[in-house]
Amino acid sequence: MRILWFCLLLASAIGPAHAQSAQQSPNDYAGRWPLQLPAGAAAGVFEPGPELYRLMQDPAFGDLQVFDATGAPMPMARASQDGAPRWVAAIFASAGPADGAAGDAGVMGYVYRLRADVAASAARIGFGSAAANVALQYQGDGRWQAAARMPAGAAVEQDPTGTTPPGEVAFAAPITAHGWRIISGRALSPSPTLQLSVRPARFVFLAQGTPPFLLAVGHPTLRRAPVSIDAELARLRATHGEGWQPAPATLGAEATAPFAATVAPVEVAMDWQRWMPWVGGGAGLLLLAWLLSRRRPSRRRA
């Protein structure tokens, strides 16, 4: 009975350690990209692109993490300030009669998609022909909802030379959605174009490990816990000057081969979590030998 109790205790100590190490493996993520930093950079910052956003937003996957060449995770957090807004072209999906658009005959709907749910603050609609009574909707909570109506005179005919700016409208508040629809009082030929102003998220990580670094996105179960590295960034600014900023990290091509540590990790201090299973196993063997030695005399007396 004592042996069984000890085995259960040993399993409970080893199990979490192995589970934690498995969660931190870059090979368990859906996608991996190398991050290149200038030599000697103390910290890096990057903006996830559409493909990375798709994995981050997919309910089947988790968040993202930066690893060094040994497979050790780097301290990382969302930057306090997001990147500068930029215009992103929505992908045309379909066109047809707009169901639910007040039931007016001839009302057309033009559907567009973004590659991920990102917050948009404004929209630009480009027309190849004159248009009027144009509204923009987004797909939220399983239904189409009003985003904005183009002001009078904004839906102008697009200049063939491309010099005439498209109609632009700002939203009262940022809208997060990947499905968008343009509603028009009549058919438009060619179909209009849609651009959305998005402010991509930026992530900053500390380059404390062994370069090169690897960005892994989309773990099936791991959710990156929020972490604050503001104190470390403040220390770096105090050392390098108030104008110091993390170096931009360049995202390389997606890595398809399994991750293999290029440099063996250097032990700078005793890791008790790593040694605990060995200590526990040795103690278990000693306890087993002691119990067996106590049982032998009793058999002789019998």
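Residue numbers start at 1 and run along the sequence shown.
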Closest non-hydrogen contact found for Gly44 with Pro246 is C-CB, 4.0 Å
Does a side-chain heavy-atom distance below 4.5 Å link Val45 with Phe205? no
By salt bridge (charged side-chain N to carboxylate O under 4.0 Å, His left out), Glu232 pairs with (sequence neighbours left out) Arg235
(message) If hydrophobic clusters are built by linking Ile, Leu, Val, Met, Phe, Trp and Tyr wherever their side-chain heavy atoms come under 4.5 Å apart, do Phe259 and Trp33 end up in the same one?
(response) no
Heavy-atom nearest pair, Ala207 first then Ala41, reads CB-O, 3.4 Å
Residues Ala123 and Phe171: closest non-hydrogen pair is CB-CZ, 3.8 Å
Tightest non-hydrogen contact, residues Pro34 and Ala253, listed as CD-O, 3.1 Å
Residues passing the side chain to side chain contact (heavy atoms under 4.5 Å, CB included) test with Val88, sequence neighbours excluded, are Arg86, Leu114, Val198
Interatomic distance, CD1@Ile125 vs OG@Ser184, rounded to 0.5 Å, equals 9.5 Å
When rounded to the nearest 0.5 Å, the distance separating CG of Leu188 from CE of Met108 is 8.0 Å
Test item: Arg181 and Tyr110 side chains (from C-beta on) under 4.5 Å apart, heavy atoms:
no
Are Ile183 and Gln137 close enough that some pair of their side-chain heavy atoms sits under 4.5 Å apart?
-> yes
CG of Leu233 to CD of Gln245, rounded to nearest 0.5 Å, is 9.0 Å
Here the gap from His178 atom NE2 to Arg113 atom CZ, rounded to the nearest 0.5 Å, amounts to 5.0 Å
Q.
Please say yes or no: joined through hydrophobic side-chain contacts below 4.5 Å, possibly via intermediate residues, are Leu214 and Val217 part of one cluster?
A. no
Note: Trp180 and Ala120 closest approach over all heavy atoms is CZ2-CB, 4.1 Å
Here the gap from Leu136 atom CG to Ile182 atom CD1, rounded to the nearest 0.5 Å, amounts to 6.0 Å
Exercise. Taking Arg237 for its side chain and Trp244 for its backbone only, find out whether a donor-acceptor pair lies under 3.5 Å.
Key: yes
In this structure, CG of Leu206 is separated from CG of Asp68 (nearest 0.5 Å) by 12.5 Å
Contacts of Ala216 meeting side chain to side chain contact (heavy atoms under 4.5 Å, CB included) (sequence neighbours excluded), chain-then-number -> Tyr29, Arg32, Phe67
Do the rings of Phe92 and Tyr112 sit parallel, tilted or perpendicular, given the 30° and 60° boundaries?
perpendicular
* Should Met74 and Leu37 be counted in the same cluster of Ile, Leu, Val, Met, Phe, Trp and Tyr side chains packed under 4.5 Å apart? -> yes
Less than 4.5 Å apart, side chain to side chain, heavy atoms only: is that true for Phe46 and Met76?
yes
